[in-house]
Amino acid sequence: FLGAGGGNDIQWCFSQVKGAVDDDVAEADIISTVEFNHSGELLATGDKGGRVVIFQQEQENKTQSHSRGEYNVYSTFQSHEPEFDYLKSLEIEEKINKIRWLPQKNAAQFLLSTNDKTIKLWKISERDKRPEGYNLKEEDGRYRDPTTVTTLRVPVFRPMDLMVEASPRRIFANAHTYHINSISINSDYETYLSADDLRINLWHLEITDRSFNIVDIKPANMEELTEVITAAEFHPNSCSTFVYSSSKGTIRLCDMRASALCDRHSKLFEEPEDPSNRSFFSEIISSISDVKFSHSGRYMMTRDYLSVKIWDLNMENRPVETYQVHEYLRSKLCSLYENDCIFDKFECCWNGLDRQVEFFSVLHFSIVMTGSYNNFFRMFDRNTKRDITLEASRENNKPRTVLKPRKVCASGKRKKDEISVDSLDFNKKILHTAWHPKENIIAVATTNNLYIFQDKMN
Amino acid sequence: MLGRGLKRKLSDYEENMAGLSSAFDSSRNLPYPLKRQLVLNMCLTKLQTYKMLVEPNLHRSVLIANTVRQIQEEMRQESSQQPVNICPGIAPSSPSYTGMESSGVSLQLPSGITQQESNCCDLRSVEDPIENSLLIVSDDDMSSAISSILKDLDFVEDISPPTCLVPTGDDQPKFPENTGLKLEDDRQDLKGAECVFGSFEISNSTSYLKDLAIDDIFEDIDTSMYDSDFCCPPLMPPRSPSLAAEEPLKTFPSCNSSSASNIQICRTDLSELDHIMEILVGS
């Protein structure tokens, strides 16, 4: 990976950066979710101000073979507004927690976006023609005096500048008492689940006035509450299977065919605690912040505060692989607890393309990516067992220049180009990353900027 | 009550904490009980801060509460084995420890380091600045702090008919259990609503009603039949359209004692609910 060149190693280069340049971050501009659509042509981001910005990849220029298409703004719309719940005297944040794309069925694109309480289905459609030649209206829209109409004509469609419109098609509201942390579209493409801290609901995309509660872990007495749901996802192939992770580091796999209320799991994935690593913060750092199935559905990946774990669905008692994201933070847990960083929810993602044909051989890739502090992000190659740390910063601005790997010095003498743990900026955190489903293009969100990197094409 | 004086102390406390947590991380020589106490204090401070928020984060609250319980359990086990060494804490009746309300907890910091701390714990010396700034909380206080936080997080559920997917075809499975569970849930939610209303902050209610004497507000209403047994008399203000809507709200006793001030607060709350219902019903 470290620029050794040769074989399967990907060499990442800076491609683009979107967002404001100044260090003074406007609260509303904080990026809260990033997601490619199924073809990778569109890249959506959601922010704390409730807006969704969609970027579209330029069609590849055949002559410019050394770079893939750039992403440019395609559509911007206000998905959620701040609301006030008068009965509880609570403000409902407009921050977009998650965006999930539906596979494209016709000319329009559809995505689900959610804040803490309400999920919306948005239709994004293009308009590049408009009707002209009305009989009763002028071109500017003014109505003509009917007495002046002497002939009739049929209005025709004429080309116009491309206009992208976003309209809310469904609003799925009032089903969650607690804060929604996940949405996941089922492989049947008709239903989806939404999960909050204590419950998971199943929806049909066409029906907004009711949802079906499939998981409820709320105890009869709230004082007995010791565990909350942190993430949930449907299996990519089996439409009756889903998983949900908890704040205690467990993952439960449920089958909706087994019973109506999936409070009893089919499988429980949990790794026994390592007694040598036991601390006051053991439970807090074991809380899973993200869970993602592999494309095949055979594996799933979980992210907790310090590591990424790969689980084989056939083995419940421990993960098959564990990758340390920033183990040097283990000795700093008290400080990180004090400043609340220990509660940061990092996401993780799989690489898009599982395999690549090159020189008559099929290369199998399996790389996982996740973020860290100081605008660092990490990638773990599951085949070569090599890992790399890269930085998302405007200093690496030259396109087609390979990014320099970073290294954090945990203790002892700091080598040149290494950065010591105490110099890390814990305000610069990369929580959201996404990998293009078909190409080696990645989107990495810092606090208010979106970086796009791609591999160096030879 | 958190006055200006106490707020200053809190920020000093926080500055000390920042130094303490890096001391925790860097120093291997810090004795375990001290480390544990430090973590415990940080947890309780956080819980107290969350309690002041309008909507505390459930995930974080649960994690912190679990950490407190874990430490509590450890300390209980230790104190049952060695009753002398570890000081479980000062009694709640201590004059410097104020603010234990019956319905909820507002966890107050002691206004100063008491003699008790330096006397009972042989692990610390009075001169040591780290140890002096730690606050000792009793076991019961911790339990009630956690309980009240979690109870308050029990949000009022929408009191609407239970929703479930209506089976549209033969291949749709029947789910009768779900309806049953939902109804039970609603009953529990009403209890939860009582809890929320039970810890409803008095300071939030409009003060102008408290300033008026009870009799002045209700002089046109004959309340003689309600004066004796009921702690929370159902009021009948002359506003008929919202009357039916008020029925479920009247069953929530926001006061459990029969003191005059509680009745007044009760009526204040009901007037507010009345007002809210008006907005909702749109009358």
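Note on naming: letters A, B, ... go to the chains in the order of the sequence lines (proteins, then strands), and numbering restarts at 1 for each one.
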If you compare all heavy atoms of [X] against all heavy atoms of [Y], which two are closest, and at what distance to 0.1 Å?
| X | Y | value |
| --- | --- | --- |
| A/Ser279 | B/Gln70 | O-NE2, 4.1 Å |
| B/Arg69 | A/Glu223 | NH2-O, 3.0 Å |
| A/Leu225 | B/Asn66 | O-OD1, 4.4 Å |

| Contact leader toward chain B among A/Ile229, A/Asp340, A/Asn221, where contacts are heavy-atom pairs under 4.5 Å | A/Asp340
| task | Output the option from A/Phe281, A/Phe280, A/Tyr86 having the highest count of non-hydrogen pairs under 4.5 Å with chain B. | result | A/Phe280
| Backbone N/O of A/Tyr337 and side chain of B/Lys46: donor-acceptor pair under 3.5 Å | yes
Distance, nearest 0.5 Å, that separates [atom1] of [X] from [atom2] of [Y]:
| X | Y | atom1 | atom2 | value |
| --- | --- | --- | --- | --- |
| A/Asp85 | B/Glu55 | CG | CD | 8.5 Å |
| B/Arg60 | A/Ser287 | CZ | OG | 11.0 Å |
| A/Asp197 | B/Ser61 | CG | OG | 9.5 Å |

Is any side-chain heavy atom of [X] less than 4.5 Å from a side-chain heavy atom of [Y]?
| X | Y | result |
| --- | --- | --- |
| A/Met222 | B/Leu58 | yes |
| A/Thr230 | B/His59 | yes |
| B/Leu63 | A/Phe343 | yes |

| Non-hydrogen atoms of chain B under 4.5 Å away: do they reach the side chain of A/Ile342, the backbone, both or neither? | neither
| Residue part contacting chain B, namely of A/Ser89, when any heavy atom lies under 4.5 Å | backbone
| Within 6.0 angstrom of A/Glu224 CD, more than 12 heavy atoms from elsewhere | yes
